[in-house]
Amino acid sequence: MSPDTSSSMMDDLLHETRVFEPSDEFKAQANINDPAIYEKELADPEAFWAGFAEELDWNKKWDRVLQWDPPHAKWFVGARMNACYNCVDRHADGALGDKIAILFEGEPGDTLTLTYKELKREVCKAANVLKKLGVVKGDRIAIYMPMIPEAAIAMLACARIGAVHSVVFGGFSADSLSDRINDQQAKLVITADGGYRRGSIFALKPTVDQALGVSPSIENVLVVRRGEGDCAWTDGRDHWWHELMAEARDECEPEWCDSEDMLFVLYTSGTTGKPKGIVHTTGGYMVHAYATSKWVFDLKDSDIFWCTADVGWITGHSYIVYGPLANGATVLMYEGVPNHPEQDRFWRIIEKHKVTVFYTAPTAIRSFMRWGEKWPDGCDLSSLRLLGSVGEPINPEAWIWYHENIGKKRCPIVDTWWQTETGGIMITPLPGITATKPGLATRPFPGIAAEILNETGEKIGVGGGLLAITSPWPGMLRGIYGDMDRYVDTYWSKWDKGTYFPGDGAKRDAQGYFWILGRVDDVLNVSGHRIGTMEVEGALVDHHEVAESAVVGKKHEVKGQAVAAFVTLKEGIEASLEKETELRNHVAKKIGAIAKPDSIIFTAELPKTRSGKIMRRLLRDVAEGRALGDTTTLTDPAVVDQLKEKYKDD
Ligand code: WTA
């Protein structure tokens, strides 16, 4: 499949001539402002990464920077370190002990701060609680939490004792949670009774209880009390976090882990019905998260850094927890939605806490645009000095709005391309160097080698094709949990075994800048969240009245993409509006509300090739109201005409 180069976004980009240079003032103070860095690192990327590694604390130094046996990499071979020690102890025990590490604002408006010293005490206590519950190095721990400081504390406590955390986004359903727990045979779940969202408490514990009905590997559940505390309880299995924390010692030696010991597993959607447990290890990941936080977000001692992602996604892992804390930064964490109690909540938070660096997703920016300028205009945003974007392609219109209304034309914007699999930022401007263009992620981070290739692996200098990463990088995934074959097949088999295929289409301009166009596989990006079409199809056919389904993405003004489903009901079942609602809810129940189809079109038949393959491209054309492509291979062309008619009526 090739990227959709006919899209209006592409046309916009083709005509994009606006260039934004960082100001002299920004350049002068930037952590990196010498363009020669791009040539220097090219000469010796391993030395480049080792330079950042030297800035972290190791219990034993590496024998070799990289061992590359394509497609298997080891970074900082033979070294030992602890990720939590690097994020917490070295600051707590040093000059930054009384600096605020985590600055939390709950949705109801409550705030809490933790200095590095306080964070260390909390993390040590939590680590001792885990030990008391029998957790040892290498055990897998599921974390299913709202956006509260305990989520970060839980992650760091796991890292401290060498346990492997697996954070599951709090919006996922019981089935999704139990699938993830079972896949890695997790031993313990850390959760909360609930969290605040849109003014009320959404319960998490009942979902955990339901999941555990089919997840026998779980021995204990630790429950943070964030809500009213009135949840069902299984004695012996369930424990209140605050009760065990109150009894726990506040000192705990960190476990010195091998550089290649697993740090976490994070599940993400792929092109099959089964999510992939992406495996990240310790040393290389930490170096990558540390280096990119330092240079891309230009972190200084005085910064208040706010990344609006949830810790349930990779962005939260790398740029709320590991990267900024390794840099000794102050990180803001916000629990709730951007429009509670009103549409200016984010801007009020920036004003109140004097946020300096703000990192969010294009889908959020498009919502802000829709709500109007009056909301940011009513707040003092003068503390901001740098803006970031992540998760999906940013359309130039949203980029310019962000630049003018939030950055007030003063703040550079870093549009950062990366993935759960890459661990850290890969293609991005460096804010003190790069002249940016709206919509363009610009250049690979120094030390990263990217190209545009065609299907057969030929390099495309200027023009469109498939994005490829042509040499290993420290934060790269080391595998898919329990499925090395799928790792090799999915990422390293498109071209040669040393070239990584991210699944994105991209284009490069004459200046060598990359424009990322989005997924070229059956993965959707809905509001910056990855959703596999096959997963949604699986959830639909799981319904006892559904015979067959096909799911595609269609453009959506705010979400980027929306889920469009085509469904064939079983013989004798009537299509109706009620049925549509029932099926949409069924998907939410099976996967989570984020995967709910926006629309369902009922059809007696799906368009298929003579060999029986569903013609998704054609369905995408129908869903987006485009002229149809080639229909000559279709078994029954009338099917498509009927679908188009139905779509018009819908
Ligand atoms: C998309 C999120 C264009 C891309 C960090 C990628 C982007 C997928 C950008 C990974 C960007 C992320 N410009 N597209 N700046 N950032 N993407 O794993 O399609 O949730 O493959 O990681 O998001 O999503 P994931």
Side-chain angles (χ1 to χ4, degrees), residues 1 3-4 7 9-10 13 167 169 171-172 264-271 275-278 280 288-289 292-293 296 307-320 322-323 359-366 387-396 398-399 402 413-429 434 436-445 448 450 466-469 475-477 480 490-491 500-507 513-532 553 559-561 594-595:
M1 222 184 287
D4 179 9
S7 73
M9 172 148 167
M10 268 299 303
L13 289 169
V167 186
F169 172 59
F172 276 122
F264 65 86
V265 177
L266 184 60
Y267 286 81
T268 190
S269 294
T271 52
K276 304 174 280 195
I278 303 299
H280 282 289
H288 192 160
T292 46
S293 298
V296 178
C307 162
T308 68
D310 190 285
V311 286
W313 311 113
I314 190 69
T315 308
H317 283 58
S318 302
Y319 300 109
I320 293 178
Y322 292 109
Y359 189 34
T360 197
T363 183
I365 298 167
R366 290 190 296 263
L387 304 175
S389 170
V390 62
E392 50 175 320
I394 180 165
N395 45 313
W399 196 103
Y402 197 30
I413 297 180
V414 286
D415 172 14
T416 62
W417 175 87
W418 60 295
Q419 306 179 301
T420 306
E421 292 86 342
T422 69
I425 293 169
M426 301 291 278
I427 301 183
T428 177
T434 315
T436 53
K437 295 182 186 174
L440 276 72
T442 71
R443 299 181 68 172
F445 187 79
I448 301 291
L466 301 168
L467 183 62
I469 309 296
M476 65 188 264
L477 76 165
I480 293 176
T490 311
Y491 303 110
Y500 174 83
F501 173 52
D504 276 299
K507 205 170 156 80
Y513 277 11
F514 287 75
W515 306 338
I516 314 295
L517 303 171
R519 308 288 309 189
V520 293
D521 53 10
D522 291 328
V523 174
L524 308 183
N525 193 325
V526 179
S527 301
H529 302 319
R530 272 166 73 167
I531 294 172
K559 300 185 202 174
Q561 274 190 308
I594 52 169

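Atoms within a ligand are numbered from 1 in the order they appear, just like the ligands themselves. Values reported hereafter were calculated over all heavy atoms of this structure, with side chains retained and with hydrogens, waters and symmetry mates removed.
Protein heavy atom closest to atom 18 (O) of ligand 1, with residue, atom name and distance, is T420 OG1, 2.6 Å. Atom 24 (O) of ligand 1 has R530 CD, 3.1 Å as its closest protein atom, hydrogens excluded (heavy atom only). The shortest contact between atom 13 (N) of ligand 1 and any protein heavy atom is with E392 O, 3.4 Å. Atom 1 (C) of ligand 1 has as its closest protein heavy atom G391 O, 3.3 Å. If you check which protein heavy atom lies closest to atom 3 (C) of ligand 1, you get P393 N, 3.1 Å.
Between D415 and ligand 1, an N or O atom pair is found at a separation short of 3.5 Å. In terms of polar-atom proximity, T268 is not counted as a contact of ligand 1, lacking any N or O under 3.5 Å from an N or O of the ligand. Considering both main-chain and side-chain atoms, E421 never comes within under 3.5 Å of ligand 1 through any nitrogen or oxygen pair.
Between the side chains of T416 and T428, no donor N or O sits under 3.5 Å from an acceptor N or O. Side-chain contact, Y319 with T292: a donor N or O sits under 3.5 Å from an acceptor N or O.
Listed by atom number, the atoms of ligand 1 under 4.0 Å from V390 heavy atoms are 5 (C). Proximity to T315 (heavy-atom distance under 4.0 Å) selects the following atoms of ligand 1: 5 (C). Interface of I516 with ligand 1, defined as ligand atoms under 4.0 Å from a residue heavy atom, comprises 3 (C), 14 (N). Close approach of ligand 1 to N525 (heavy-atom distance below 4.0 Å) involves ligand atoms 1 (C), 23 (O). Less than 4.0 angstrom separates some heavy atom of T416 from each of these atoms of ligand 1: 9 (C), 11 (C), 15 (N), 16 (N).
Remark: among candidates L266, D504, T428, L440, the nearest residue to atom 6 (C) of ligand 1 is D504, based on non-hydrogen atoms.
Counting heavy atoms from C-beta outward, L467 and F501 have side chains that stay 4.5 Å or more apart. Taking the side chain as every heavy atom from C-beta outward, F169 and I594 approach each other to under 4.5 Å.
For H317 (side chain) and Y322 (main-chain N/O), no donor-acceptor pair under 3.5 Å exists by modelled atom type. With hydrogens and angles ignored, the 3.5 Å screen pairs a side-chain donor or acceptor of T422 with a backbone N or O of G424. Within the 3.5 Å criterion, the main-chain N or O of G423 finds no donor-acceptor partner in the side chain of H288. Formation of a donor-acceptor pair under 3.5 Å by the Q561 side chain with backbone atoms of N525 is found in this model.
Under 4.0 angstrom from ligand 1, there are no non-hydrogen atoms of I394. Of the heavy atoms in I314, only side-chain atoms (C-beta onward) come closer than 4.0 Å to ligand 1.
In terms of heavy-atom proximity, T360 sits nearest to A364 at OG1-CB, 3.7 Å. Of all heavy-atom pairs between Y513 and T434, the closest is OH-CG2, 3.4 Å.
Ion pairing between a basic and an acidic side chain is recognised when a charged N comes within 4.0 Å of a carboxylate O; R366 and E392 show such pairing.
Using a 4.0 angstrom heavy-atom cutoff, W418 counts as in contact with ligand 1.
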